[in-house]
2 protein chains.
Amino acid sequence: MSPQPGDFTIGEAARASGVKVTTVRFYESRGLLPAPPRSEGNRRLYAQSHVDRLRFIRHARELGFALEDVATLLSLSDEPDQSCAAVDAIARAQRAEVTRRIARLEALGVELDRMIATCAGGTVGECRVIESLSDHAHCAADHPGPAPM
Amino acid sequence: MSPQPGDFTIGEAARASGVKVTTVRFYESRGLLPAPPRSEGNRRLYAQSHVDRLRFIRHARELGFALEDVATLLSLSDEPDQSCAAVDAIARAQRAEVTRRIARLEALGVELDRMIATCAGGTVGECRVIESLSDHAHCAADHPGPAPM
DNA sequence: GCTTGCTCCTACAGTGACTGTAGATGGCAT
DNA sequence: ATGCCATCTACAGTCACTGTAGGAGCAAGC
Ligand SMILES: [Zn+2]
Ligand SMILES: [Zn+2]
Ligand SMILES: [Zn+2]
Ligand SMILES: [Zn+2]
């Protein structure tokens with residue numbers, strides 16, 4: 001395929017969508033972006049629809065959706081006559097996840113603040129931050145597990 | 001080395017510290033936990049000090065410190081005569097990071113709520129959630145980048 | 001003594017969502 | 001023709017683990 005007016009190189013598609021060149025190729029490898037036709041010199045030739053799709057992916061990723069969810073949302077958006085209940089469910093699940101993460105981080109913030117406030121600025125041997133880390137019994141809330149943050 | 005009373009197998013150390021067996025070995029491979037002596041049958045034999053160290057690591061991880069920071073905190077705690085300024089700095093940086101993450105997630109939550117509220121429950125073609133994802137211009141705040149969440 | 005069943009061993013691959021690197025071409029401008 | 005950036009493929013690295021395969025150790029029950 002020879003380059004047409006209106007085609008984008010991968011660099012142009014990257015700039016137009018705000019997705020990095022390497023990430024565009026990565027999305028293709030993950031099946032989120034269809035493999036475009038190539039030029040005679042084997043370069044990818046993107047159309048506007050690819051750029052639109054990249055912007056969709058970017059926005060969804062910025063909102064924290066996992067690539068798997070992005071893939072589902074993309075395949076749903078390709079079938080406009082279906083019910084949007086599945087779309088809604090994914091968005092609500094993401095909202096709930098965001099809420100959980102915030103609660104988690106608020107609790108960490110409180111405990112970190114308590115720890116930091118006890119530090120009197122002396123030696124490590126006297127430092128209550130180290131002590132707090134050593135002694136789990138000092139902490140008010142239970143920790144659900146290693147922080148995914 | 002033959003097992004002594006007071007020694008822990010890796011499984012016992014794991015239960016006593018709340019760190020999984022595989023994760024204990026992983027921490028050893030990362031240099032966070034010193035390699036313990038072995039039994040005649042090549043099993044790791046931990047002392048109470050190892051269990052204490054594991055509990056320290058676990059608590060620091062629960063507070064979201066990266067393993068590299070945990071390693072620094074551990075090496076600082078091994079030198080009790082030094083100033084605790086470095087400890088304080090790491091804790092404050094972690095606190096700041098938690099604050100940033102919360103702010104980020106609050107913004108995502110607001111945008112997700114707006115998106116979800118516009119969904120009227122019709123078809124995908126009419127769904128404003130998909131539309132919001134497609135059209136970046138509809139969103140109020142700038143996104144700093146893909147969400148690390 | 002023998003089998004069952006749990007724990008433990010090493011070594012390596014996989015996760016998610018990319019990022020970085022190496023070495024080889026493509027293609028445009030001077 | 002020369003320089004230089006963009007692009008190509010393929011693979012390793014990131015982080016903090018988790019999971020798997022294929023053995024070996026060890027206590028208890030028979
Ligand atoms: Zn201190
Ligand atoms: Zn705590
Ligand atoms: Zn909808
Ligand atoms: Zn937005």
Side-chain angles (χ1 to χ4, degrees), chain A residues 1-3 7-33 35-46 54 57-72 74 94 97 101 143-149, chain B residues 1-3 7-33 35-46 54 57-72 74 94 97 101 143-149:
Chain A
M1 196 173 176
S2 64
D7 279 352
F8 297 80
T9 68
I10 195 169
E12 288 162 352
R15 274 185 294 280
S17 65
V19 175
K20 290 185 190 164
V21 168
T22 47
T23 308
V24 174
R25 284 195 282 254
F26 172 71
Y27 288 159
E28 181 183 319
S29 80
R30 300 281 96 173
L32 282 120
L33 189 70
R38 302 285 184 120
S39 75
E40 282 144 32
N42 200 34
R43 309 305 181 78
R44 290 170 178 83
L45 292 177
Y46 293 103
L54 283 170
I57 297 169
R58 181 185 160 213
H59 198 192
R61 285 289 302 132
E62 284 166 345
L63 287 167
F65 290 97
L67 280 196
E68 189 179 341
D69 286 340
V70 179
T72 306
L74 280 166
Q94 180 62 17
E97 179 62 25
R101 298 258 168 126
H143 301 292
M149 298 238 331
Chain B
M1 195 172 175
S2 65
D7 278 353
F8 297 80
T9 67
I10 195 170
E12 288 162 351
R15 274 185 293 278
S17 64
V19 176
K20 290 184 190 165
V21 168
T22 48
T23 309
V24 174
R25 285 194 282 253
F26 172 71
Y27 288 159
E28 180 183 319
S29 81
R30 300 279 97 174
L32 282 120
L33 189 69
R38 301 285 185 121
S39 75
E40 282 145 33
N42 200 33
R43 310 305 181 78
R44 291 171 177 83
L45 293 178
Y46 293 104
L54 282 170
I57 297 169
R58 181 185 159 212
H59 198 193
R61 286 289 303 131
E62 282 166 345
L63 288 167
F65 290 98
L67 280 197
E68 190 179 340
D69 287 340
V70 179
T72 306
L74 280 167
Q94 180 61 18
E97 179 62 23
R101 299 256 169 126
H143 301 294
M149 299 239 331

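Throughout, protein chains are lettered first and strands after them, A, B, ... in sequence-line order, and every chain is numbered starting at 1.
The interatomic distance linking A:D69 (CG) with C:dG16 (P) rounds to 12 Å, in whole Å. We find that CZ of A:F26 is positioned 17 Å from P of D:dC8, with the value rounded to whole Å. Atom CZ of A:F8 is separated from atom P of D:dA6 by 17 Å (rounded to the nearest Å). Rounded to an integer number of Å, the gap from CD1 of A:I57 to P of C:dA17 is 12 Å. Atom CG in B:L45 sits roughly 11 Å away from atom P in C:dC8 (whole-Å rounding). Going from atom OH of A:Y27 over to atom C1' of C:dG16 covers 11 Å, rounded to whole Å. Between A:Y46 atom OH and D:dT7 atom P there is a gap of 10 Å when expressed in whole angstrom units. In this structure, A:L54 atom CG and C:dC18 atom P are separated by 12 Å, rounded to whole Å.
Looking at the side chain of A:L67, the nearest of the listed nucleotides C:dC18, D:dA16, C:dT19 is C:dC18. Of the candidates D:dT18, C:dA17, C:dC8, the closest approach to any side-chain atom of B:V21 belongs to C:dC8.
Of all the residues in residues 9-18 of chain A, A:T9, A:I10, A:G11 reach under 4.0 Å from DNA chain D with at least one non-hydrogen atom.
A pairwise comparison of heavy atoms in B:E12 and B:D7 identifies OE1-O, 3.7 Å as the closest pair. The two residues B:V19 and B:R58 have their closest heavy-atom pair at CG2-CB, 3.9 Å. Among all heavy-atom pairs drawn from B:H143 and A:L63, the shortest one is CE1-CD2, 4.2 Å.
You'll find the side chain of B:L45 reaches within 4.5 Å of the side chain of B:S39, heavy atoms only. Side-chain contact check for A:V70 versus A:L32: some heavy-atom pair is nearer than 4.5 Å. Contact annotation: the side chain of B:R43 never approaches that of B:R38 to less than 4.5 Å [non-hydrogen atoms, C-beta and beyond]. Here the side chains of A:R101 and B:R101 are not in contact, with every heavy-atom distance at 4.5 Å or above.
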Distances under 3.5 Å between nitrogen or oxygen atoms of protein and nucleotides 12-14 of chain D:
none

Close N or O pairs between protein and nucleotides 10-13 of chain C (under 3.5 Å):
residue	atom	partner	partner atom	Å
C:dT10	OP1	B:R38	NH1	3.3
C:dT10	OP1	B:R38	NH2	2.9
C:dT10	OP2	B:R44	NH1	3.1
C:dT10	OP2	B:R44	NH2	3.0

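A side-chain donor-acceptor contact under 3.5 Å links A:R61 to the backbone of A:F65.
Under a cut-off of 6.0 angstrom, the local environment of CD in B:E68 is sparse, with at most 12 non-hydrogen atoms contributed by other residues, nucleotides or ligands.
Between B:K20 and D:dC17 there is no side-chain polar atom (N or O) within less than 4.0 angstrom of OP1 or OP2. At C:dA17, none of the side-chain N or O atoms of A:T23 fall inside 4.0 Å of OP1 or OP2 (strictly under the cut-off). Distances shorter than 4.0 Å separate some side-chain N or O of B:R61 from OP1 or OP2 on D:dC17. Distances shown here put every side-chain N or O of B:T22 at or beyond 4.0 Å from the OP1 or OP2 atom of D:dG19.
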Chi angles and distances behind the side-chain contact (heavy atoms from CB on, under 4.5 Å) call for B:L67, B:F26
CA-CA 11 Å; B:L67 280 197; B:F26 172 71; 3.7 Å; yes
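Here the CD-OG1 distance, from A:E28 to A:T23, works out to 13.0 Å after rounding to the nearest 0.5 Å. Put simply, CG on A:L33 and OH on A:Y46 are 5.5 Å apart, with the number rounded to the nearest 0.5 Å.
Of the residues near DNA chain C, A:G41 and A:A66, the one whose nearest nucleotide (by heavy atom distance) lies more toward the 5' end is A:A66.
Counting any heavy atom pair closer than 4.0 Å across all strands shown, A:F65 reaches no nucleic acid atom.
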